[in-house]
Peer 1: 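Before I ask anything, here is the structure I am working with.
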Amino acid sequence: MTRLAHWIVRYRLPILIVATLLTVFFGYELTKLRIDSDILNYLPQDDPVVRLFREVGDRYGGSSLAVVALETEDVFNTSTLARIDSLTTRFQDLPEISQVMSLTDVLDIRRIPEGIEVGKLISSGSIPQTPQELAALREYALSKEMYRGNIVSADGRTVLLIARVRDGVDKTSVATEMRAIVEAVPGQETVYYGGIPFQMRFLTDIIIRDLARLVPLVALLLAAVLYFSFHRLRGVLLPLGTVLVGTIWTLGLMHWIGVQLTIVTAAIPVLLLAIGSAYGIHLLSTYMEIEESDGDKLDRIRRSIAAIGLPIILTGVTTMVGFLAFLFSYLTMTREFGLFASLGVLLAMALSMTLIPAVLSYLPSRKPQVSAKVQRSNWVTRVMDVTADLVLAHERLIVVGAILIVAGSLVAVPQLQREVNMKDYFKPDSEIRQAEEIMEASFGGAIPIQILVSGDIKDPAVLKEMFRFEKYLRTIPHLNHPQSVADLIAELNEQMFGRRTIPDTREGVANLWFFVEGNEIMDQLVADNDTQAVIQAKIGTVNTAGVIAAVDSIDHHLATAAPPQLLWLDLGTLPMSVRSEIERQRTADVARVIVLDAEHHGVEGLDRDRVLHVLRAAGSTSDRQLTTRQVEAVSRAVADYFRSDAADLPIDSDSLIADVVAGLKPLFADSLPGEAIIGAVLQKQVPPSVYVDDPEAIEYAAPALRSIVRECRRTAFVDGLTDSLIRMTLHIPETAAQAFRTDIRGDVWTLVEDHAGVPSESISPAMLSRLAVNDDVATTTLQTGMPIIFKRLDRSVVKSQSMSLIAAFAVLFILLAVRFRSFTGGLISLTPVVATVLCNFIVMVVLGIPLDVVTVLIGSVAVGIGIDYTIHFLARFQKEFRNGTSERDALRVTMETTGKAIIINASAVALGFLVLVLGDIVPMQRFGFLIAVTMVVSALAAITLLPALVLLTKARFIGEFDRMAKRLNHNLGSLKVPTRRRP
Amino acid sequence: MSVRSQSAMLAVLVLLAVTQTAGAMAPLDILQAVEDTLNAPADREVHLSMTLVDAEGNTKTRELTILQKGKDKRLIRFLSPADVRGVGFLVLEDDLMYIYMPAFGKVRRIASHIKNENFMGTDFTYDDMAQTDYVKNYTPDLQEETDSHYVLELMPNEESEIDYSRLVMCVNKATMLPDRVEFYDRPGLLLKIMTQTDVRRIDGYLTPHHIEMEDVQDKHTTIMDLENVVHDQSIPDQQFTQRYLKRF
């Protein structure tokens, strides 16, 4: 240490020059430091979960949504719609945005007389103008589940413009651009901004604002503390200047090696100011003590360094260990924090020992007036003395208290909440939280979740599986608005043929698919030449626990419910025994889905057993005799056919139609007639003059009529069954009645289809070979999306916490055991910080503060800083114990000197961190508050629990307890103290 | 060669002659000439393959036949891929449109105001597929004339329901067919480019056999290669009815 001291003094000029140059360089680098608020970048990029998330985002036009909400009395007015239209178009012009969905640009599938319209809800450039048109649009848009609660709130007061932001672009700048566009298109609506890109924008802003406000405040506070301690300008400027230089170097270096500031590393400046000044203070106060003695100035400087150098290094290194423990963390940003915080401590420490002496050597030396310090601190000394006596008197009680804390933490730790949702970073009254609340309340959240489906997406089996899965998703709490290509196909089927289900043949699917082929929405739903699809859904985030529960439900369902391999079979080709078994299974599946639909719509009274009973009792269409009314319905359909333009055998004469229908009626009342017999009836009833110029007419008409009859029979069956099910319900919410009927009608329709899927493993190999099936459908499903990332973050927060604490404890134990040359010494000195950390967890549980990406740091920071108190206290106590005569004297002296210093230092550091409470970033507020509490607890533990443990265990590394003739000093006889047995 | 096609050809030749002698044609006359060239045959049956190329270079190929009679009778029938074989579109005057879906055995009407939507995953809108009423829908302006081409700028007429802000049409003087058409969207940005090449004379009518429509914004291209073109077969009107739409 003496050699180091000599070296520092000899090279003081080069030290000054180099330090100045480096400060200028890193100061310049610092100005270019940017903030990275992208939560995805905080995660290791080689994690498969992260990679999948990015891949899916890339393939489906981006995985983050930037949402603009417009709120007004009633959004269905011309000026609001015009504003939406204008914003939609302008957003679409941004290259970073892959697609925008809004009322003026959204797919609409609508029934028209005898046909269908697949287009936009509001065609571009034709915004409704009249009150009637607007009212019609309002009624229509609010009636469809595709829009209601998805892009327009059910009350019609709020609309969303949802922009899908491409992956790999600067999301904060997209948010800025979008905001500028909104401001350039004025209107009377209240505007809210939500979704990850806007959250990132706000986060970046408040990080900058917090830094600009809080760092000067902490510096000012530190300056005040320093002035009251030293009463000299140099006492303020030297430690403060040193730690500022250290901070500039650390942040400058960050940019220089290409690291951006994150929400976690943004804490580094305040952190360094609060804890990094201690080294300078120690050196300066030592120098000032020595300054009063005689000798050459440079020599006094050398002596100061030699005296205080080692303690400074030891406390610095232990603090660094606390931070370096974060290198074991999963999160990149936490690792960066650990690295740069410890680097900052190293720099603050090194600069204190080099730069301060170098500057001091050029400052005039002076003898300070004898201060009144000793007198002024008398009351503090008295308090410390009383504390010492209390510890002596109640050492057992203190240890028992500590044990109670440990016990309490055992109860508390499992109850620790965790929060990794970005929303939680903002104060409840902030703009972004309000926006998120609107999203949650009216639109089911703004966080997308995706379920990736690989397989032949155009295969009906795959689509049916997706459709069924979505019905399950709709029942998961907080999970809203699942959407996939299966929905579109089912919706087309509903609007075109009146059944909200997936057609059971590949051709049926393909025919409907044609209508949405090439539509821009398909880019978000299907990829890779229709071999991959996603189910997009949104999560209404109440809290991380809710998100994780949803994610786990999905995973559980994916793992258990979806068969990996299906056979898609034409039931007509199967032997009766196999067929009826498959139909039994299908009926059970349909019952399950109906119950899901009931759950989704809030319909009561339909449990699975009852539904299954009704379905089973209904039998099948083929053995069903039609009622008179149903026969009439078929007759009307047949008559309509002959009159229509599409009729293969057009008949003008009503009486002839009546005759033909009368001839056909006996055929279709009991069962489905064959083409041949229909053809024969037509031959007989229709005079050849009708089809003289079209000789093939009857050939075409027979199968057409058969399919009309078949359709009618199926419709009658499905409607009858749907009615029975609806009669069984106890309660149907009024608003859901229509949608519920449509949904379960689609479910029931499955029962009359010719094809069904069967899990491959449920068919015996022998049967399989007889079936000669070649339609073997394999699908895999995977879950991805922001919620998974949240889950990953959540798990990593827990892992980070335990790993970093274990690492810190382990390294510190070794350091301390070596320092005190005792195993017990290592254990005892670690105990106060362990108790402090556990106490911190109890405080968090009691106050309901969750573990998040920032509060997870507290444990290790507390250990790193708190261990210094232990070291100082034990070192002094050891010294006093060895020199002194009684335990009490040793403890009193230690308390009056080191104990006091610890309390003052802890208060100063706590005060510094409390400044963070004034900031706008919620985790930072919590961090500041908890560190402050922790500092106080840690200091108290160092001066109470630590000596209590030492005295109770009579740990030998402190000294020879036997040597002490009397434990108690004479003037303490009045205190009630338990007598101690000597070993 | 039928009388009609002969007279149509004559008309083209006369127009060509006018072009060469008069030197500068009025823009409206050029557009009229283009339209006349396109609509010259009484009817036309085309067998073609259509390739869709997306931004990643994935391709999908379809085969179809188009039956056209006059300006306002058209029947489009898909032949492949297998799962859409037989799907037919019938487009009649007054924007009446029907689709036949063989998987359901049913004909359904399609709303008329989707003509600005893309046709079944292609880069052609329903309206682009018709692309014959230029004079009625647009007002032309001659932007440039080179030795080989007229460059027309077409601005949509107010009463037309055209969704483009303008077209830039490059008319080949030799064929009076557009070699290239640029479509600009409402905000005025280039949206699509259509190029027509491999012009062959079939039954006396000039017919481009390779047509590409590139959506430059979505980076998606539709390529049509005409394989078999027959003109003036006197296709009966009956072919363009819902009843025959179903027969495949």
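Just so it is clear: chains get the letters A, B, ... in the order the sequence lines come, proteins before strands, and each one is counted from 1. These values consider heavy atoms only, across backbone and side chains, with no hydrogens, waters or symmetry-generated copies.
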Peer 1: CG of A:Leu512 to CZ of B:Phe104: how many Å apart, nearest 0.5 Å?
Peer 2: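 If we round to the nearest 0.5 Å, A:Leu512:CG and B:Phe104:CZ are 4.0 Å apart.
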Peer 1: Tell me, do B:Arg109 and A:Ile116 make a side-chain contact under 4.5 Å, heavy atoms counted?
Peer 2: no
Peer 1: Can you tell me how far OG1 of B:Thr241 sits from CG of A:Asp645, rounded to the nearest 0.5 angstrom?
Peer 2: 8.5 Å
Peer 1: Is it the side chain or the backbone of B:Tyr244 that comes within 4.5 Å of chain A heavy atoms, both, or neither?
Peer 2: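 Only the side chain of B:Tyr244 comes within 4.5 Å of chain A.
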Peer 1: Closer than 3.5 angstrom, by distance alone: can the side chain of A:Asn511 be matched with the main-chain N or O of B:Ala103 as a donor-acceptor pair?
Peer 2: yes
Peer 1: Measure the spacing between NE2 of B:His220 and CD of A:Glu520 and express it to the nearest 0.5 Å.
Peer 2: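 Interatomic distance, B:His220 NE2 to A:Glu520 CD, rounded to 0.5 Å: 12.5 Å.
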Peer 1: Between B:Pro102 and chain A, with a heavy-atom cut-off of 4.5 Å, which part of the residue counts as in contact: side chain, backbone, both or neither?
Peer 2: both
Peer 1: Checking A:Pro703 against chain B: side chain, backbone, both or neither under 4.5 Å from a heavy atom?
Peer 2: neither
Peer 1: Between B:Lys246 and A:Asp648, is there a side-chain N and carboxylate O pair less than 4.0 Å apart?
Peer 2: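 Salt bridge present between B:Lys246 and A:Asp648.
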Peer 1: Using a cut-off of under 4.5 Å on heavy-atom pairs, state which of A:Asp693, A:Asp694, A:Thr505 scores highest against chain B.
Peer 2: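 The option with the most such pairs is A:Asp694.
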Peer 1: If you apply the rule side-chain contact (heavy atoms from CB on, under 4.5 Å), what do you find for B:Ile99 with A:Phe515, and how did you get there?
Peer 2: CA-CA 10 Å; B:Ile99 180 172; A:Phe515 283 90; 3.4 Å; yes
Peer 1: Do A:Glu517 and B:Lys60 sit within salt-bridge range, that is, some charged N less than 4.0 Å from a carboxylate O?
Peer 2: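 So A:Glu517 pairs with B:Lys60 through a salt bridge.
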Peer 1: Under 4.5 Å from any heavy atom of chain B, what part of A:Glu711 do you find: side chain, backbone, both or neither?
Peer 2: side chain
Peer 1: Give, for atom CG of B:Asp54 and atom CE of A:Met522, the distance between the pair rounded to the nearest 0.5 Å.
Peer 2: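 These two atoms lie 12.5 Å from each other.
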Peer 1: Which atoms of A:Asn493 are under 4.5 Å from chain B, going by heavy atoms: the side chain, the backbone, both sets, or neither?
Peer 2: side chain
Peer 1: For A:Asp93, is it the side chain, the backbone, both or neither that has a heavy atom under 4.5 Å from a heavy atom of chain B?
Peer 2: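 The side chain, not the backbone.
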Peer 1: In terms of heavy-atom pairs under 4.5 Å with chain A, which of B:Gln238, B:Gln217, B:Gln242, B:Arg85 leads?
Peer 2: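 Most heavy-atom pairs under 4.5 Å with chain A: B:Gln242.
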Peer 1: Given heavy-atom pairs under 4.5 angstrom as the criterion, report whether the side chain, backbone, both or neither of A:Ala647 touches chain B.
Peer 2: backbone
Peer 1: Shorter than 4.5 Å, heavy atoms on both sides: which option in B:Leu245, B:Val107, B:Val87 has the most such pairs with chain A?
Peer 2: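 Ranked by contacts with chain A, first place is B:Val87.
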Peer 1: Between B:Leu52 and chain A, which part of the residue has a heavy atom less than 4.5 Å away: side chain, backbone, both or neither?
Peer 2: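 Looking at B:Leu52, nothing touches chain A.
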Peer 1: Rounded to the nearest 0.5 Å, what's the gap from CD on A:Glu117 to CD1 on B:Ile110? Could you check?
Peer 2: 11.0 Å
Peer 1: At their closest point, which heavy atom of B:Arg108 faces which heavy atom of A:Gly115, and how far apart are they?
Peer 2: CD-CA, 4.0 Å
Peer 1: Please flag which part of B:Glu56 lies under 4.5 Å from any non-hydrogen atom of chain A: side chain, backbone, both or neither.
Peer 2: neither
Peer 1: To the nearest 0.5 angstrom, please state how far the CD atom of A:Glu114 sits from the NZ atom of B:Lys106.
Peer 2: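 Going from the CD atom of A:Glu114 to the NZ atom of B:Lys106 covers 12.5 Å.
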Peer 1: Any idea how A:Phe514 and B:Phe89 line up, ring-wise: parallel (<30°), tilted (30 to 60°), or perpendicular (>60°)?
Peer 2: tilted
Peer 1: Report the C-alpha distance between B:Met101 and A:Phe497 in whole Å, list the side-chain angles of each, state the deciding distance to 0.1 Å, and finish with yes or no for side-chain contact (heavy atoms from CB on, under 4.5 Å).
Peer 2: CA-CA 11 Å; B:Met101 284 170 283; A:Phe497 304 113; 3.7 Å; yes
Peer 1: Is it true that A:Glu699 and B:Arg247 make a salt bridge, defined as a side-chain N closer than 4.0 Å to a carboxylate O?
Peer 2: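 Salt bridge: no.
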Peer 1: For A:Thr89, is it the side chain, the backbone, both or neither that has a heavy atom under 4.5 Å from a heavy atom of chain B?
Peer 2: side chain
Peer 1: Side chain, backbone, both or neither: which part of B:Phe78 has an atom under 4.5 Å from a heavy atom of chain A?
Peer 2: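 Contact with chain A: side chain only.
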Peer 1: Can you tell which part of B:Thr59 gets under 4.5 Å to a heavy atom of chain A, answering side chain, backbone, both or neither?
Peer 2: backbone
